[in-house]
There are 2 protein chains.
Amino acid sequence: MKKASLKSIAAELGVSVSTVSKALRDSPEISQETREKIQAFARYLDYSPNKMALGLRNQKTMVIGIIVPEIVHHFFSTVISGLEEKANEYNYNVMIGLSNDQLKKEKELIEAFTNGSVDGLIISLSKESMQKKNFAHIEKLINQGFPLVFFDRAPEELPVNKVLVNDEEGGYKATSYLLDKGVQYPAILSTPLHISVGKEREKGFLRAVKEQAVDEYKIIHINEQFDIVEQIADLFNQKRIPDGIFAVNELYASIALKTAQKKGINIPRDLKIIGFTNGIISKTTTPTLTTIDQHGKQMGQTAMNILLNCITNPEENSSASIYIIPTQIIPREST
Amino acid sequence: MKKASLKSIAAELGVSVSTVSKALRDSPEISQETREKIQAFARYLDYSPNKMALGLRNQKTMVIGIIVPEIVHHFFSTVISGLEEKANEYNYNVMIGLSNDQLKKEKELIEAFTNGSVDGLIISLSKESMQKKNFAHIEKLINQGFPLVFFDRAPEELPVNKVLVNDEEGGYKATSYLLDKGVQYPAILSTPLHISVGKEREKGFLRAVKEQAVDEYKIIHINEQFDIVEQIADLFNQKRIPDGIFAVNELYASIALKTAQKKGINIPRDLKIIGFTNGIISKTTTPTLTTIDQHGKQMGQTAMNILLNCITNPEENSSASIYIIPTQIIPREST
DNA sequence: TTTTAACACGAAAACGTTTTCGTAGGTATT
DNA sequence: AATACCTACGAAAACGTTTTCGTGTTAAAA
């Protein structure tokens, strides 16, 4: 039982395709009687217009492409939920591609999506793109004037719409919070510096320690190529052990927590820990982790709003805008 | 700078559209010379065929629709990653819809996706559909012969392709594991019985206790309308407190863990806990949680394989198949 | 020299829409 | 009675492909 089309309805009812189309759109050109007959029949057949034909005709797919590094990830999946929700509100659907943090896959996905599959693209860059600063594929899109919004991981140098977490502020807030709680010797568990979010959070950390004139602190750049647990454990094998740790993500925070506990360190009495990302981990550790909320859902909604606006008003929205989402500290037991 | 089309290339080169099309597909109908000229020009313009035109022409979108209750969820996002990976392997892309566990949204998404947007559908049903056993929208799809695969949450009565976790086996394994470790008075933290996965896991629990002739055990059906923490805490306010808990998901397990710890109960000495879903929570609690792995990624791959096979070989695949993914116990510190 | 075949390309249809324009028949105006 | 104007519908183009079929030119065969 094939899907009904205007043609099949027209044939069945002995009228022309144009008449059917007009009748279904309630055009006054068609007589009341004919209209009702056609509409009734269409309803009976459960007719609805073919998306691809519509797309071809209107040069519009009503689909938004989303390209993210991974999806089994609290922050990214949260953003996606915000994106999907907002898109749906405006009758758009979302297509999703996972780059697995690989430049090659990212390129392929962009190619596949921009061949008339989607009306716009929302991207969070792969680690590989960020590290190699290889943005040729992105610049091509910009030159084409393709509707485009980045979130969280964006090409720093390029003039393009971005929705970013205020990572520097987050790092500052987190560190200040620790210092205000009496921490004397803070440490930061950060990423390598080519990860922009890590770099920004570290900047915030440095601003806070400088502001409060803390002269001794420790910075550790975790290299995920090697054993993370070992690198973090190293922090507790030094002569002076920190009494406050700011971890730039949930995972590092939870590992630091577990490792410290194994060493018999009491948290939060002897060591206060604060993480980043208000995800599931932070709520289920013992003790629960104080953390920085990135408002992922709001980010998704904002990004989608900007993109849809670009699509609807192509002229007024030619310049690149940067939207910064503020962070929020969520106090829990670990401090 | 608009995207190039066959038409624009043809006009520019003074040949016909058909010639361009054939040249680009390396048809021997076109002379070597013309072919090379056209191909070079197309490459220069970065031409690639329009997806919607192709779709209309071939009656095939090369897109698979995925409808899940939520995405900020370890299991679902894991399955999705498997689905996406497998789809990509066969040059398909995936469109994602989130039902938010609501029947209405699920229906809308199915409507939107089956109007020629996707070639097939992979669905995990919303709680509301399951509870109300309202499958009219699904039966419609089946009657249409629309390529369809369910995973995890499937309509029990309907003859349709399903990929399921062996939940009963998982519950049995988990409970047996507890009993083998010497647990005398086991409890299960389960869902209301209309959630099929909860029901199945509970069946496994019952089979295990029966098998080992345990005469006393406790069953708690958590109602998520009310405060979950309170309902779980209730377990520890009884005269007899369980020495083993099987929770049908990570969250319940982690809450039970925290609550017990607050009551001063030593885990795993006085109480052993085992969860379900090998997600992030289980790895980051203190102590880490023994749990049942559902092999989400493999599930996604399997489901996509079945669907693509349905699409490619419509005739041979008319009957509904059920594929059961085995579970695996992941021993950790909580037992 | 005429017939045949190969070659290289173009015209047109089809996929399913929407929209512009054209027109036959009827009604109202002068 | 001639003109103008509705009313209600159909034809056709357009969106971008692919593919079938037709055809003019040239080269080979008779």
Side-chain angles (χ1 to χ4, degrees), chain A residues 1-39 41-42 45-63 91 111-119, chain B residues 1-39 41-42 45-63 91 111-119:
Chain A
M1 196 168 57
K2 278 263 137 237
K3 277 279 291 183
S5 69
L6 292 186
K7 204 190 205 181
S8 68
I9 296 180
E12 205 74 23
L13 259 46
V15 294
S16 78
V17 170
S18 15
T19 302
V20 178
S21 173
K22 287 170 190 165
L24 292 180
R25 321 192 94 237
D26 252 328
S27 159
E29 256 185 281
I30 307 300
S31 73
Q32 182 84 18
E33 192 191 3
T34 313
R35 244 187 294 171
E36 281 172 4
K37 186 178 66 181
I38 293 178
Q39 287 175 3
F41 191 60
L45 290 183
D46 199 34
Y47 168 82
S48 62
N50 180 286
K51 267 271 179 67
M52 276 182 310
L54 274 181
L56 193 56
R57 160 84 215 203
N58 301 330
Q59 298 291 77
K60 222 164 174 312
T61 63
M62 300 305 283
V63 174
N91 287 313
E111 288 288 335
F113 282 10
T114 51
N115 295 336
S117 287
V118 304
D119 292 340
Chain B
M1 198 169 55
K2 278 263 138 241
K3 277 279 290 181
S5 69
L6 292 185
K7 204 189 204 179
S8 68
I9 296 180
E12 204 76 23
L13 260 46
V15 294
S16 78
V17 170
S18 14
T19 303
V20 178
S21 174
K22 288 170 190 166
L24 293 180
R25 321 191 95 238
D26 252 329
S27 160
E29 256 184 280
I30 307 300
S31 71
Q32 181 85 18
E33 190 192 4
T34 313
R35 243 187 293 169
E36 280 171 4
K37 186 178 65 180
I38 293 178
Q39 288 176 1
F41 191 60
L45 290 183
D46 199 33
Y47 168 83
S48 63
N50 180 288
K51 268 270 179 69
M52 275 183 309
L54 273 181
L56 193 56
R57 160 85 216 204
N58 301 332
Q59 298 292 75
K60 221 165 175 316
T61 63
M62 301 303 283
V63 174
N91 288 313
E111 288 288 335
F113 282 9
T114 51
N115 294 335
S117 288
V118 304
D119 292 340

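Numbered from 1 within each chain, the chains take letters A, B, ... in sequence-line order.
Judged purely by distance below 3.5 Å, without hydrogens or angles, the side chains of B/Lys51 and A/Thr61 never pair a donor atom with an acceptor atom.
Residue contacts for A/Leu54: at a heavy-atom cut-off of 4.0 Å it reaches the sugar-phosphate backbone alone, with no base atom in range.
Proximity of A/Thr34 to the phosphate of D/dC9: a side-chain N or O atom is located under 4.0 Å from OP1 or OP2. For A/Gln59 and D/dG16, the shortest distance from a side-chain N or O to OP1 or OP2 is below 4.0 Å. For the pair A/Arg25 and C/dT17, the criterion of a side-chain N or O lying under 4.0 Å from OP1 or OP2 is not met. At the phosphate of D/dG16, neither OP1 nor OP2 sits under 4.0 Å from any side-chain N or O atom of B/Ser21. Applying the 4.0 Å criterion to OP1 and OP2 of C/dT19, one finds that A/Ser18 has every side-chain N and O outside that range.
The minimum heavy-atom distance between B/Ser117 and B/Ala112, with the atom names listed, is OG-O, 3.4 Å.
Among the nucleotides C/dC15, D/dC15, D/dT17, the one closest to the side chain of B/Leu56 is C/dC15. Picking from D/dC9, C/dA11, D/dC15 the nucleotide with the shortest atom distance to the side chain of A/Ser31 gives D/dC9. Here the nucleotide nearest the side chain of A/Ala53, chosen from D/dG10, C/dG16, D/dC9, is C/dG16. Comparing atom distances between the B/Glu29 side chain and each of C/dT17, D/dC21, D/dG10 picks out D/dC21 as nearest.
For A/Lys22 against D/dG10, a side-chain-to-base donor-acceptor contact under 3.5 Å is present.
Here the P atom of nucleotide D/dT17 and the CG atom of A/Asn115 are 10 Å apart, to the nearest Å. The separation between A/Leu6 atom CG and D/dA11 atom C1' is 15 Å, rounded to whole Å. Here D/dT17 presents its P atom at 12 Å from CG of B/Asn58, a figure rounded to the nearest Å. The distance between atom CG of A/Asp26 and atom P of D/dA8, rounded to the nearest whole Å, is 14 Å. Atom NZ in A/Lys60 sits roughly 19 Å away from atom P in C/dT17 (whole-Å rounding). Atom NZ of B/Lys7 is separated from atom P of C/dA12 by 14 Å (rounded to the nearest Å). Remark: C1' of D/dC6 and CD1 of A/Ile30 are 15 Å apart, rounded to the nearest angstrom. The interatomic distance linking B/Lys51 (NZ) with D/dC15 (C1') rounds to 18 Å, in whole Å.
The 5' end of DNA chain C is approached more closely, in terms of each residue's nearest nucleotide, by B/Gln32 than by the other of B/Gln32 and A/Tyr47.
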Checklist line | CA sep, side-chain torsions, deciding dist, call: A/Ser21, A/Ser18, side chain to side chain donor-acceptor pair (under 3.5 Å) | finding: CA-CA 5 Å; A/Ser21 173; A/Ser18 15; over 6 Å; no
Next item on the list: Decide yes or no on side chain to side chain donor-acceptor pair (under 3.5 Å) for A/Lys3 and A/Ser48, but give the supporting numbers first.
Entry: CA-CA 9 Å; A/Lys3 277 279 291 183; A/Ser48 62; 3.3 Å; yes
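With hydrogens and angles ignored, the 3.5 Å screen pairs no side-chain donor or acceptor of B/Asp46 with any backbone N or O of B/Ala42.
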